[in-house]
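The block underneath contains the structure these notes are about, expressed in structure tokens.
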Number of protein chains: 2
Amino acid sequence: MKKENKTQYVLLGLLNIHPQSGYDLKNNIQKTVGYFWSESYGQIYPTLAQLEKVGLVSKTVQKSGRQRQIYSITAKGRKILKQWLQTPITLPKIRNELLLKVFFASSIPTEVSIKHIAAYMEQTQQLHGILKQIEKIILQHPQYNPKKPYNLLTVQFGILATGAEMTWCKQALKKLQSI
Amino acid sequence: MKKENKTQYVLLGLLNIHPQSGYDLKNNIQKTVGYFWSESYGQIYPTLAQLEKVGLVSKTVQKSGRQRQIYSITAKGRKILKQWLQTPITLPKIRNELLLKVFFASSIPTEVSIKHIAAYMEQTQQLHGILKQIEKIILQHPQYNPKKPYNLLTVQFGILATGAEMTWCKQALKKLQSI
DNA sequence: ACGTACATGTAAATGGTTACATGATTGA
DNA sequence: TCAATCATGTAACCATTTACATGTACGT
């Protein structure tokens with residue numbers, strides 16, 4: 001397993017919270033880090049198999065009911081996870097299709113750009129609302145521990161980021177509508 | 001050439017401004033849309049060949065001096081570009097390694113997260129500064145046309161986005177340092 | 001009995017980076 | 001003449017999505 005492949009670390013990170021199946025992992029990635037990370041089954045299942053082969057996770061087949069493949073992180077897996085958590089971060093590589101279309105928009109009608117930006121704003125607004133709700137839930141949760149604000153911090157990142165994007169959309173729409 | 005592949009549209013978009021070589025395209029992508037889009041030679045050269053094969057661009061070999069392969073957009077290419085510019089946008093797929101490391105940070109020392117966020121802030125701050133300078137240059141440019149503010153708009157998106165990230169970094173650092 | 005969600009995977013295709021190979025031109 | 005940068009490309013590899021295949025369990 002190559003060091004750079006990040007899929008494995010999301011899986012290890014979630015398995016470090018509690019053992020679960022590939023199916024659970026897919027859902028939990030969406031629920032917990034879905035705003036800034038995603039994985040498909042085509043990545044998850046092969047990566048789990050690979051992680052098991054090198055001993056970073058172990059598999060047990062659920063006895064009762066359905067034959068679910070439950071994965072647990074091993075001591076070795078925890079070590080590798082912690083190591084990765086401490087390696088320097090790199091800036092995310094973004095590829096924003098809206099901005100590309102806006103940048104090259106000189107040869108098409110202004111209304112098209114307006115429509116694109118409006119659509120972007122709507123979708124961003126929706127995400128912003130969801131993140132605000134999540135923030136509220138975290139803060140109201142009786143077990144919220146201010147010494148471990150990591151989940152809250154990532155949600156707040158999303159709130160600020162989407163907020164800025166909405167601000168830009170409003171500005172951009174105003175400017176384009178005045179043309 | 002598949003419709004969904006976006007590399008071709010950046011190339012068409014830039015060739016629509018003026019004819020240039022693959023090497024130029026690489027540099028110009030960086031200079032113009034580099035903040036939110038990038039391409040490697042491994043994508044550019046094969047895509048140019050493909051675009052020529054289907055008649056969206058044409059190639060002429062520079063006569064004088066170096067034998068540069070200069071590509072121009074064709075009428076058909078312009079048509080395809082315009083069509084794409086009008087198709088609905090999709091939200092960018094982000095994968096933020098910093099947030100992943102912060103999210104899973106409960107099992108490692110707080111100082112590690114602080115270091116990560118500080119590094120992120122520094123890099124973001126630098127980009128923010130560059131974008132502010134570009135904005136100033138655009139606005140001061142005598143040929144700036146307020147009826148075609150597309151370049152300015154993308155730069156301003158970057159300024160607002162990086163600004164929000166810097167705000168978050170400061171908040172997050174303050175919170176973590178108080179633990 | 002039927003639909004929905006649970007559940008696990010694989011194969012093919014696509015997307016994208018990196019390393020390599022090669023050589024020309026320019027300026028100090 | 002040497003280094004830098006201009007310039008074009010390919011091959012190998014890595015990353016990722018999508019479509020497909022297959023079947024189970026649960027609630028109504």
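Fair warning: this is a prediction, and the values are worked out from it, not measured in the lab. A, B, ... follow the sequence lines: proteins, then strands. Residue 1 opens every chain.
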query = How would you label the contact of A:G22 with the nucleic acid (heavy atoms, under 4.0 Å): base, sugar-phosphate, or nothing?
reply =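 Here A:G22 touches the backbone only, sparing every base.
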query = So what does A:K93 hit on the nucleic acid, given a heavy-atom distance under 4.0 Å: a base, only sugar-phosphate, or nothing?
reply =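 Sugar-phosphate, backbone atoms only, no base.
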Starting from [atom2] on [N], measure out to [atom1] on [X] and report it in whole angstrom.
X     : N      : atom1 : atom2 : result
A:L25 : C:dA7  : CG    : C1'   : 13 Å
B:L48 : D:dT10 : CG    : P     : 11 Å
A:I44 : C:dT10 : CD1   : P     : 14 Å
B:Q43 : D:dG9  : CD    : C1'   : 14 Å
A:K26 : C:dC6  : NZ    : P     : 12 Å
B:N27 : D:dC6  : CG    : P     : 7 Å
B:Q62 : D:dT8  : CD    : C1'   : 14 Å
A:Y41 : D:dG23 : OH    : P     : 19 Å

inquiry  = I need the minimum non-hydrogen distance between A:E97 and B:P88, along with the two atoms involved.
reply    =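 Shortest heavy-atom contact: OE2-O, 3.9 Å.
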request  = Over all heavy atoms of both residues, which pair between B:I108 and B:V112 is shortest? Give the atoms and the distance, please.
outcome  =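 Residues B:I108 and B:V112, closest heavy atoms: CD1-CG1, 3.6 Å.
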ask   = What do you reckon, is NZ of A:K115 surrounded by more than 12 foreign heavy atoms closer than 6.0 Å?
value =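 Open.
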message = Tell me if the NZ atom of B:K79 is crowded by more than 12 foreign heavy atoms within 6.0 Å.
response =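 Check fails, neighbour count at 12 or below.
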Between [options], which one does the side chain of [X] approach most closely?
X     : options               : answer
B:S38 : C:dT17, C:dG15, C:dT8 : C:dT17
A:S40 : C:dT8, D:dT17, C:dG15 : D:dT17
A:P46 : C:dT10, D:dA7, D:dT16 : C:dT10
A:R68 : D:dG9, D:dC6, C:dT8   : C:dT8
B:Y45 : D:dT17, C:dA5, D:dG9  : D:dG9

May I ask you to evaluate whether [X] reaches the phosphate of [N], defined as a side-chain N or O under 4.0 Å from OP1 or OP2?
X     : N      : answer
A:R95 : C:dG15 : no
B:Y23 : D:dC6  : yes
B:Q69 : D:dT8  : no

Toward the 5' end of DNA chain D, by each residue's nearest nucleotide, A:E39 or B:S21 =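 The residue closer to the strand's 5' end, by nearest nucleotide, is B:S21.
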message = Please tell me whether B:T110 and A:K147 have a donor and an acceptor in their side chains that are separated by less than 3.5 angstrom.
response =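 Side chains of B:T110 and A:K147: no pair found under 3.5 Å.
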